[in-house]
Amino acid sequence: MVTALEPLELLERARHAEVDDVEGVRAFVASWTDGAVGDAQMAALCMAICINGITAEATRALCDSMVASGDRLQLERFAPTGDKHSTGGVGDAVTLITVPLAAALGVRMAKMSGRGLGHTGGTLDKLSAIPGMRVDLELVDFVRQLRDVGVAVMGTSTRMVPADKRLYRLRDQTGTVESPALIATSIMSKKIAGGAANIALDVKVGTGAFFPDVAAAREAAEIMVSLGAAWGRDVRYVISDMDQPLGRMVGNALEVRGAAEVLRGGGAEDLGDLSVRMAALLAESAGVVPAGEGEAAAAHALENGDALRMAERWVEAQGGDPRVWTDDDVLPRAPAAISVPAPAGGMVHGLDAREIGEAARWLGAGRLHPAQFIDPAVGVEIHAKIGDGVSEGETVATLHVRDAALADRAMQLVRGAYRIVDAPVDPPTLIHESSEGDG
Ligand code: URA
């Protein structure tokens with residue numbers, strides 16, 4: 001018989017070596033869920049995993065235990081089903097576009113989302129910027145909406161992956177977000193409990209991402225592929241650039257505006273291209289379009305308005321104002337807009353995504369402490385990105401501000417994010433790698 005290590009013994013071992021005790025991890029998570037193990041011990045385990053790692057078997061035990069902390073949806077009767085997740089970025093409004101786009105192509109999108117983590121934004125916070133929009137759906141309503149509309153998005157709750165809901169916050173408070181295994185288990189526990197068969201992952205790499213390089217992003221992506229495979233899920237991924245923010249909007253209502261522009265057939269090119277690529281992964285994996293034809297089909301569904309109409313039906317079904325995609329005045333606006341001048345003339349060589357994310361968080365778009373109220377209206381609008389030419393003093397960004405006392409620091413962060421040189425600069429590669437083989 002296998003005997004699990006006691007929680008304290010597991011922690012003491014984890015201080016010196018990779019966590020490898022499968023039964024110990026299961027018992028630890030179960031005891032934490034029951035209250036016998038406290039948050040301090042769980043935070044210590046997360047820190048040990050960040051520093052010393054965890055084996056593949058123990059990672060799977062961690063993920064499965066998180067899934068077992070709540071209900072698991074069975075969605076086979078609604079096939080083909082899909083879900084999408086990003087490892088976290090700045091200006092990353094892809095979900096708002098990819099979800100209705102993939103649904104318009106015939107994939108029923110059952111999406112489990114999260115709140116903002118650290119300097120990165122969260123889909124639930126963005127959706128909450130839409131007047132009336134509910135993200136705390138009852139399971140029965142989530143499933144009914146999936147059946148009737150073809151799209152439903154909700155967050156973790158006391159019923160769905162409650163272990164991730166608690167752990168997400170604890171990791172955010174204890175500096176233990178940036179571990180490939182912890183990110184992978186957090187994401188995949190939600191994907192597995194959510195029940196969709198086809199999963200597309202956007203694994204981000206760069207200054208604004210939790211992964212510093214492609215190798216670390218690939219490691220996390222492959223952990224997620226194998227966690228999904230153990231549950232019979234088809235998991236595909238792209239590794240995409242997060243050295244600069246995606247799109248031109250950072251902040252909750254601002255990002256909804258940026259997504260609306262794409263859904264109307266325009267908008268920021270990088271945001272549109274990545275959203276199309278993610279929808280194509282889902283459509284091909286779900287078999288609703290032949291392999292190799294996903295991108296053309298997705299681009300067509302954007303152009304002909306199918307994705308926009310699906311987005312309207314989705315928002316309306318969740319209580320939101322469906323005009324949000326066609327009328328920007330539906331969204332909250334910050335009372336002041338302050339221009340950020342270019343610190344020098346030349347070509348934008350760097351636009352540090354983390355600094356921009358921190359500026360938006362500082363203005364109130366994210367949380368500096370766990371109980372903080374999120375201001376849906378504030379954030380940073382970006383006018384010049386890497387590869388663009390600017391003249392000294394030209395407006396490179398606009399701060400959308402409610403509290404003028406916060407503007408100076410945000411201004412400093414945004415100006416500091418820009419690196420301007422006196423030589424031509426190529427825009428960065430958007431997609432570095434994908435599980436389908438091409439970049
Ligand atoms: N998204 C999640 O759901 N979890 C993480 O840990 C990071 C990004």
Side-chain angles (χ1 to χ4, degrees), residues 29 42-43 45-47 49-50 53-54 59 62-63 65-67 69-70 83-96 98-99 110-128 135 153-157 160-196 199-212 216-225 227-228 233 235 237-240 242 246 255 274 278 353-354 357 361 366-367 370:
V29 177
M42 182 49 107
L45 180 63
C46 289
M47 186 60 84
I49 291 172
C50 283
I54 177 169
T59 302
L62 176 59
C63 182
S65 307
M66 289 167 72
V67 173
S69 69
D83 193 349
K84 174 267 165 199
H85 214 90
S86 153
T87 57
V90 177
D92 180 7
V94 168
T95 290
L96 307 183
T98 290
V99 161
K111 165 99 178 85
M112 293 286 300
S113 282
R115 299 260 169 208
L117 201 54
H119 65 281
T120 68
T123 295
L124 298 181
D125 295 327
K126 295 170 206 187
L127 290 177
S128 301
V135 291
V153 178
M154 69 174 175
T156 50
S157 64
M160 291 300 286
V161 216
D164 182 61
K165 188 177 167 77
R166 279 177 66 198
L167 200 52
Y168 208 69
R169 224 175 211 221
L170 194 60
R171 288 169 53 219
D172 202 14
Q173 287 171 273
T174 55
T176 54
V177 171
E178 285 161 62
S179 142
L182 293 179
I183 291 175
T185 48
S186 166
I187 291 176
M188 290 310 294
S189 60
K190 289 191 278 281
K191 303 300 97 177
I192 289 160
I199 296 163
L201 300 173
D202 179 10
V203 184
K204 300 214 172 276
V205 62
T207 54
F210 294 126
F211 301 117
R218 193 185 304 121
E219 179 192 341
E222 290 298 337
I223 297 173
M224 291 191 273
V225 169
L227 290 173
R233 311 298 167 88
V235 182
Y237 65 85
V238 301
I239 296 179
S240 72
M242 190 32 71
L246 192 62
E255 289 181 50
L274 186 53
M278 297 304 293
R354 183 173 292 245
R361 176 151 79 146
R367 296 171 188 81

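Start at 1 and go down the list; that is how both ligands and their atoms are numbered.
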**OP:** Could you pull out all residues at least two apart from Arg361 that satisfy salt bridge (charged side-chain N to carboxylate O under 4.0 Å, His left out)?
**Re:**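 Expected list: Glu358.
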Subject >> Separation of Thr185 OG1 from Leu62 CG (nearest 0.5 Å) >> reply: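 Rounded to the nearest 0.5 Å, the CG-OG1 separation comes to 4.5 Å.
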**OP:** Using side-chain hydrogen bond (donor to acceptor under 3.5 Å, both in side chains) as the criterion, list what pairs up with Thr176, not counting sequence neighbours.
**Re:**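 Only Thr174 meet the side-chain hydrogen bond (donor to acceptor under 3.5 Å, both in side chains) criterion with Thr176.
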Subject >> By side-chain hydrogen bond (donor to acceptor under 3.5 Å, both in side chains) - contacts of Thr156 (at least two apart) >> reply: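 Per chain and number, Thr156 pairs via side-chain hydrogen bond (donor to acceptor under 3.5 Å, both in side chains) with no residue.
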**OP:** Run through ligand 1 for me and note each protein residue having a heavy atom under 4.0 Å from it, chain first, then residue number.
**Re:**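 Answer by chain and number: His85, Ser86, Thr87, Leu117, Tyr168, Arg171, Ile183, Ser186, Ile187, Lys190.
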Original post:
Passes side chain to side chain contact (heavy atoms under 4.5 Å, CB included), Val205 versus Thr87? Steps please.
Top reply: CA-CA 9 Å; Val205 62; Thr87 57; over 6 Å; no
Subject >> Sole residue of Thr120, Asp202, Asp92 in side-chain hydrogen bond (donor to acceptor under 3.5 Å, both in side chains) with Ser86 >> reply: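 The single option meeting the side-chain hydrogen bond (donor to acceptor under 3.5 Å, both in side chains) with Ser86 is Asp92.
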